[in-house]
Each structure stands twice: as C-alpha cells, then as structure tokens.
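Written out below as structure tokens is the structure these notes cover.
One-based numbering, in listed order, for ligands and for the atoms of each. All figures in this text were calculated on a predicted structure; none of them were measured in a lab.
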Amino acid sequence: MPLRSVRARGVPRDAVHHPLFARCYARISVNAETRMGMARVRERLLTGLSGRVIEVGAGNGLNFSHYPDTVSEVVAIEPERVLRHLAVEAALRARVPVDVAPGTAEALPVKSEAFDAAVVSLVLCSVRDVPRALAELRRVLRPGGQVRFFEHGRGGGRVMTSAQRALDRTLWPPLSGGCHLSREPVAALREAGFTLGPYRRVMMPENGPALPSSYCVQGTAWRPA
Ligand SMILES: C[S@@+](CC[C@H](N)C(=O)[O-])C[C@H]1O[C@@H](n2cnc3c(N)ncnc32)[C@H](O)[C@@H]1O
C-alpha cells in the first residue's frame, strides 16, 4: 500500500492542509529573518506586550523568540501539521512559556475574554473567512485588549492592484497555502469593530523590487473596553 494513503480511520483531515507550501515556507521564512529584515519586524510587532497572549496562525513559530519577558504565557494556534510541529520545537527555545495547539482562526479553541493581546502576522491573507476570524479574535480578547498585526495586502498603483486581483483569482492561492494578495486588513479590522491604534505601511523587502506581496501594514488595534 502506498504510504500516502495511510491515514488512521476516523482521524479527520486537518482543517488546513498545505504540506508542500508548509515545507517551502519553513525555509523561506527563516531566510527572510535576516535577508528581508523580518526579525526586526517581529521584534517591533511584539515589543511592549504583557500578560496572556494568543497568537493565531503561528506557522513555524518565528515570533516566539521575540516575545518580551513581560508576557506570562502565549497560546499559539496553528492548523497546519508540518508547521505546527516546527512551532512546537520553536516553543521549547522561547524565553516565555508557549503552548502550541491545533485550531483555526475561524473557531478558536479557547475561552472568551481570556487574553490581554492577540497577534496575527501574515495570517489574515490566508484565513478562509476574515470577518469570522476577526469576530473570534474579539471574542477571546478581554475588553480593552489589543491586536498586534503585521499583514500584507492591496497596494501600489492601478497596474499592481489589478495584478494582485488577477493572481488572487488564479495561481496565487493554490501555490501559496491559500494566501491572497488583495485583501485589506486595516479595513477588515475596522469593520470587525476594532478601534485602530497607530499603524504604519511597510514595504517588504524594504529596499528591493515592489512585489505583489510587498505591501504590508504593521500596527495595533483595540477591542473597545
Ligand atoms: C504565511 S504563514 C505565516 C506564519 C507566521 N504567522 C509567521 O509570521 O511567520 C500563514 C499561516 O497561516 C496559517 N493559516 C492558514 N489558514 C488558517 C486559518 N484558517 N486559521 C489559522 N491559521 C491559518 C497557515 O497554516 C500558516 O501558518
């Protein structure tokens, strides 16, 4: 029997299943830490956080080593099996306690109002249902809790935005783990009822050519108290 078909009976397929993308992302993302300055971005994203934090779509756990000591616990949700295993390894090296668990952004397996902060980095582009995922973030944050986000989305002139939309309808999502290029994370957060704090537009890579995935935004949003 070919190995591929061996799956224990009754074990459901993962909600997110992108093994090839996961392996590629695990390599590319580690290179991007130094080559594209992602380590600096992650440091800025997480600075000043404290208390209980939920990170959604944690990938291979590259944020974990950047959480400050003031964070008492991180619950990291990752639906993709390959990435989740790498995240578990990264959790062992983190300075703060990190618990990695399966789950999706659209149905977070945690209690309501249990977290002081939520973190999403390069995830809203990939979730199946952005409004539902953001409603879930609101549910699990305490009133007055914050979302730290670093996301890419729509940007550039008319030619670039047309290219982003065309890629979203065709090649891009199947090739990149369900990612979309033309979403608007800031507008989505506002529509979900978050209060936008400071945010900044960032190009990734900062000094390289502008790619359809280059138009990033980093910031903070608050669940109203
Ligand atoms: C581009 S990777 C980013 C990983 C990580 N946050 C980082 O900063 O490197 C996108 C991540 O979103 C996860 N993802 C995709 N769909 C998801 C969903 N519905 N709920 C939660 N995470 C999801 C993927 O498994 C993957 O780990």
Would you sort out whether E33 and R42 count as a side-chain contact (heavy atoms from CB on, under 4.5 Å), showing the intermediate values? CA-CA 9 Å; E33 291 297 283; R42 294 182 192 281; 2.8 Å; yes

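- Evaluation of the salt bridge (charged side-chain N to carboxylate O under 4.0 Å, His left out) test over residues 213-222, restricted to residues two or more places apart or in two chains, returns none.
- Every residue was checked against the ring pair (Phe, Tyr, Trp, His ring centres under 6.0 Å) condition with F194, not counting sequence neighbours, and none meets it.
- In terms of the ring pair (Phe, Tyr, Trp, His ring centres under 6.0 Å) criterion, Y215 has no residue partners (sequence neighbours excluded).
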Where do Y25 and E80 land on the side chain to side chain donor-acceptor pair (under 3.5 Å) test, with the steps shown first? CA-CA 12 Å; Y25 187 74; E80 212 292 325; over 6 Å; no

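- Side-chain contact check for P205 versus N207: every heavy-atom pair is 4.5 Å or farther apart.
- Every protein residue with a heavy atom nearer than 4.0 Å to ligand 1 is included here: V16, Y25, R42, G57, A58, G59, E78, P79, E80, L83, T104, A105, E106, S121, L122, V123, S126, V127.
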